[in-house]
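Residues: numbered from 1 along the sequence shown.
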Amino acid sequence: VSWAYVQVAVPVPLDGHFTYRLPQGAGVGRGFRVRVPFGPRKLIGVVTSGPHPAPPEGSPATIREVIEVLDDAPAVTEAPLALAEFVSDYYLAPPGECVGLLLPPRMTGEAAARGRELRPRVEEIAHPTPPGEDPGRLGARMAAALAWLDAHGPAALSELREAAGVSREVVRRLEAKGLLTIEAREIPRDPFHGRIEAPDAAPELMAEQRAAVTTLTASLGRFEGFLLRGVTGSGKTEVYLAIIEAALARGESALVLVPEIALTPQLAARFRARLGERVAVQHSGLDPSARHEQWLRIRRGELSVVVGARSAVFAPMQRLGVIVIDEEHEASFKQETSPRYHARDLALVRGRLESVPVILGSATPSCESWANAARGKLTLLSLTGRVQERPMPEVEVVDLRTTPCADPERLFSEPLVVALREVVDSGRQAILFLNRRGFASFLLCHACGETVECGACSVTYTWHQRRRRLVCHLCDQTRARPERCPSCGEPALHDMGSGTEQVEERLAQLLPEARVARMDRDTTRGRALERLLHAFRRHELDVLIGTQMVAKGHDFPNVTLVGVLLAELGLGFPDFRAAERTFQLLTQIAGRAGRADHPGRVLIQTYTPEHYAIRRAVGHDALAFLSTEVGLRDARGFPPATHLALFRATGQDRDRVARAAHALEGALLTAAAPWAEGVRVFPAQPAPIERINYRWRYQILVRGGQRSALHRVLAATRPLWSGGRLEAGVRVALDVDPHSFL
Ligand code: ADP
Ligand code: ZN
């Protein structure tokens, strides 16, 4: 028998693995990349099984041949490959797309081919060498170059030439005389390489931290899931660092998932300061070559700690020892395009696959993780106090129903203005939070009551005063502001609903002496975010106004006041997680105040102070919030009590979309029938946002008490929707464990 058949995951949005015949004498196995014909194209796929002596069952009659084997050893290792297969199965996503998560684009894209592999980038380093014999007289320029080199020690050739102002020829002559040697050294493409500002030593851990680290250390070498709960500033990051050092000491590596690298540069810097150049930070500032090179260095084990956003869960770690997920409740761990995986859940799967502990850290755990801790699936570890007994900030509620305001839009209550003035006068800083960008969230006609909507989406335009444009926040289309109402023609359009831009403008009137800046999607393009954070940290600004971006892990020691302008803004969302998100956001933003030795103060303005999410955030009481919330979810049949899947059908023809969605609903009902009450299919209906970018949107929610029953119903209908299309002109997508319901 010749073992001539392999199954390959090909990067196409189609279900199934594809069978290929191997050319004579080709040696491959699981994890190798192969170039294969696919229709008229040639694509690079990854072998998932084989070689087999015969085509696996279900293979077509004609089997095409692998064009080329691209690797001498598996490009992807077993654990990430198994993880990708889990993703394909659990999220019912195309295997090729899932396996595609494992490799940098340069290794599967068109450019990838043998011989066109990434070349290392080298740098020439000049070393001064003592002359063996009298070098004779040196020219002035040669002498200057030598003097500079003697003073500075070994340096990059480019640096030497620039500093001493000499040409390559001068350097070459010095080399010929034996006065310096030139060594080629490989340098990483990572622009952050070598930029460790100040190496940092671990502090002595406090009792609770020590207890947590002891428990975690005992779990190294086997799978166990932990939920590390502790308020911001309770020292969770020090616990992560300690367990990672313990894993590194065993010759193992560590994976750290964080919500958004760009918003947490300090965290990454802290890891590098403590653990050195072996830390790979997977930030978005890496170009494709740098990303590729970093992947190779992780794969070779040169980089043994990876700090990255959700996709890092697939990093090709050597000898993985521990996985950490910081801020495990964050929504950004969920990928909103196919495959729609959740990195926190996958981290637990990977931990099990590789027999390593997984640590989920948060000040405000998700209801899912909290329930898992209650069921004993996660071991709970708690840090109850703040480091060095720093007090929690004092949180006060400002009831907007009864408190006088300083402006007609009622953005600034009088107590908030007084507090802001005090802070600015005493040389401290403040953060103001409003989770809505733009100036006015919509234009309302006072004559006919109509609003001005985007022509492509079923939402109102947002007025951006600075740009003097109406902007659709869904499709980014803009238009000029009409003089008259497009519906009735009256000149009666008024700004309604304030955004961060208006807050900025109002504040400039109320506190003209304050230096104010705004941080939201409109002001943080490119490097602007870094500059803004830097300026605020250096106290070139007194007040930073922002959307939820300002709530994330920044540590600004001089901030003593945080103002939340309208706490209930997120509560109106048609999403069962609205209260949970509001609680988390308010708690997080409150944690920005008083981190250093100054006590902090938080003012929360709201029209609904009695709402439990707001009340519990004010009281710093995550446990009480979670217990209420998990109880409500139970009563209403939402996760974590149940499991959800959401189909979204979209298309330009509304009737077709509706018809196709109803047909799918029928098929799901048939598939669900044997499971009686166990799986419920909700009627197909228009999505809360009915139309985006000219496409009408329908959705079908499916709910299961048991995950396995839900999964079987979805799988039974898979042939109907797996190509991503229900009928001509109607696309469909499945989202398992959805986090967005708009
Ligand atoms: P968290 O991650 O829970 O927000 P951190 O680990 O960032 O908390 O700790 C908050 C601050 O306290 C940091 O500045 C950190 O360096 C410091 N810190 C943490 N643990 C200790 C300790 N045992 N001794 C002294 N300082 C500590
Ligand atoms: Zn639009």
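- Every residue meeting the salt bridge (Lys or Arg N to Asp or Glu O under 4.0 Å) condition with Glu124, not counting sequence neighbours, appears here in chain and number order: Arg168.
- The two residues Ala430 and Val559 come nearest to each other via the heavy atoms CA-CG1, 4.5 Å.
- The distance from the CZ atom of Arg274 to the CG atom of Asp200 is 4.5 Å, given to the nearest 0.5 Å.
- Taking 4.5 Å as the limit, some side-chain heavy atom of Ser369 sits within range of a side-chain heavy atom of Leu378.
- The shortest side-chain heavy-atom distance between Val231 and His620 does not fall under the 4.5 Å cut-off.
- Within a 6.0 Å radius of CZ in Arg352, other residues, nucleotides and ligands contribute 12 heavy atoms or fewer.
- Once rounded to the nearest 0.5 Å, the distance linking CG of Leu296 with CD of Glu302 reads 9.0 Å.
- Contact check for Arg299 versus Thr77: side-chain heavy atoms found under the 4.5 Å cut-off.
- Going from atom OG1 of Thr215 over to atom CD1 of Ile359 covers 10.5 Å, rounded to the nearest 0.5 Å.
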Evaluation steps, side-chain contact (heavy atoms from CB on, under 4.5 Å), between Leu248 and Leu275
CA-CA 10 Å; Leu248 291 172; Leu275 304 171; 4.1 Å; yes
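- Donor-acceptor pairing under 3.5 Å is recorded for the side chains of Tyr90 and Asp737.
- Between Arg601 and Thr560 the shortest side-chain heavy-atom distance does not fall below 4.5 Å.
- Between the side chain of Arg428 and the backbone N or O of Asn558 there is no donor-acceptor pair closer than 3.5 Å.
- Checking side-chain atoms of Ser219 against main-chain N and O of Leu216 turns up a donor-acceptor pair under 3.5 Å.
- When the shell of 6.0 Å around NE2 of His534 is examined, it contains 12 or fewer heavy atoms from other residues, nucleotides or ligands.
- With sequence neighbours left out, the side-chain contact (heavy atoms from CB on, under 4.5 Å) criterion links Gln282 to Gln294, Ile298, Val306, Ala312.
- In terms of modelled atom types and a separation under 3.5 Å, the side chain of Asn435 and the main chain of Gln548 share a donor-acceptor contact.
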Go through Glu277 and Arg272 one step at a time and tell me if the salt bridge (Lys or Arg N to Asp or Glu O under 4.0 Å) criterion holds.
CA-CA 6 Å; Glu277 290 287 359; Arg272 288 172 58 97; 3.4 Å; yes
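- Looking only at side-chain heavy atoms (C-beta outward), Leu603 and Val395 stay at 4.5 Å or farther from each other.
- Between Arg30 and Glu85 a salt bridge is recorded (basic side-chain N to carboxylate O distance below 4.0 Å).
- Between the Lys236 side chain and the Gly230 main chain, a donor and an acceptor come within less than 3.5 Å of each other.
- In this model, a donor atom of one side chain and an acceptor atom of the other lie less than 3.5 Å apart for Glu580 and Gln584.
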Would you please test Ile431 and Phe556 for side-chain contact (heavy atoms from CB on, under 4.5 Å) and show each step?
CA-CA 10 Å; Ile431 289 176; Phe556 300 113; 4.0 Å; yes
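- With hydrogens and angles ignored, the 3.5 Å screen pairs a side-chain donor or acceptor of Ser253 with a backbone N or O of Gln318.
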Could you go through the side-chain contact (heavy atoms from CB on, under 4.5 Å) check for Phe314 and Leu103 one step at a time?
CA-CA 9 Å; Phe314 298 104; Leu103 290 162; over 6 Å; no
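- The closest side-chain heavy-atom distance from Thr364 to Phe625 is not below 4.5 Å.
- Note on Glu336 versus Lys334: no salt bridge recorded, every NZ/NE/NH1/NH2 to OD/OE distance being 4.0 Å or above.
- Between the side chain of Arg222 and the main chain of Ser355, no donor-acceptor pair closer than 3.5 Å is present.
- Within the 3.5 Å criterion, the main-chain N or O of Met107 finds a donor-acceptor partner in the side chain of Arg33.
- Of the possible polar contacts, one joining the Trp295 side chain to the Leu102 backbone as a donor-acceptor pair under 3.5 Å is found.
- Val322 pairs in a side-chain contact (heavy atoms from CB on, under 4.5 Å) with only one of the listed residues (Val356, Ile243, Thr217, Leu255), which is Ile243.
- Taking the side chain as every heavy atom from C-beta outward, Glu629 and Arg616 never approach each other to under 4.5 Å.
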Run the salt bridge (Lys or Arg N to Asp or Glu O under 4.0 Å) test on Arg297 and Glu293 for me, step by step, so that the C-alpha distance in whole Å, both residues' side-chain angles and the decisive distance to 0.1 Å come before the verdict.
CA-CA 6 Å; Arg297 297 184 67 210; Glu293 184 178 274; 5.4 Å; no
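- Between the CZ atom in Arg531 and the OG1 atom in Thr523 there is a gap of 11.0 Å [rounded to 0.5 Å].
- Side-chain N or O atoms of Gln335 include none that pairs as donor or acceptor with a backbone N or O of Tyr341 at under 3.5 Å.
- For the residue pair Ser289/Arg106, the side-chain donor-acceptor check at 3.5 Å is satisfied.
- Other residues, nucleotides and ligands contribute at most 12 non-hydrogen atoms within 6.0 Å of the CZ atom of Arg527.
- Rounded to the nearest 0.5 Å, atoms NE2 (His283) and CD (Glu260) are 15.5 Å apart.
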Let's go through His342 and His739 carefully: what are the C-alpha distance in whole Å and the side-chain angles of both, what is the deciding distance for side-chain contact (heavy atoms from CB on, under 4.5 Å) to 0.1 Å, and is it a yes or a no?
CA-CA 9 Å; His342 198 299; His739 273 238; 3.6 Å; yes
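- No hydrogens or angles considered: nothing links the side chains of His539 and Gln429 as a donor-acceptor pair under 3.5 Å.
- The side-chain hydrogen bond (donor to acceptor under 3.5 Å, both in side chains) with Ser366 is formed by just one residue from the set Glu328, His329, Glu327; it is Glu328.
- Two residues are said to be in side-chain contact when any heavy atoms from C-beta on lie closer than 4.5 Å; Leu149 and Leu180 meet this criterion.
- Rounding to the nearest 0.5 Å places CG of Leu348 at 11.5 Å from CD of Glu224.
- In summary, the side chains of Glu208 and Thr384 do present a donor paired with an acceptor at a separation below 3.5 Å, with no hydrogens or angles considered.
- Under 4.0 Å is where a charged nitrogen must lie from a carboxylate oxygen, and between Arg210 and Glu238 no such pair does.
- Side-chain N or O atoms of Gln209 include one that pairs as donor or acceptor with a backbone N or O of Met206 at under 3.5 Å.
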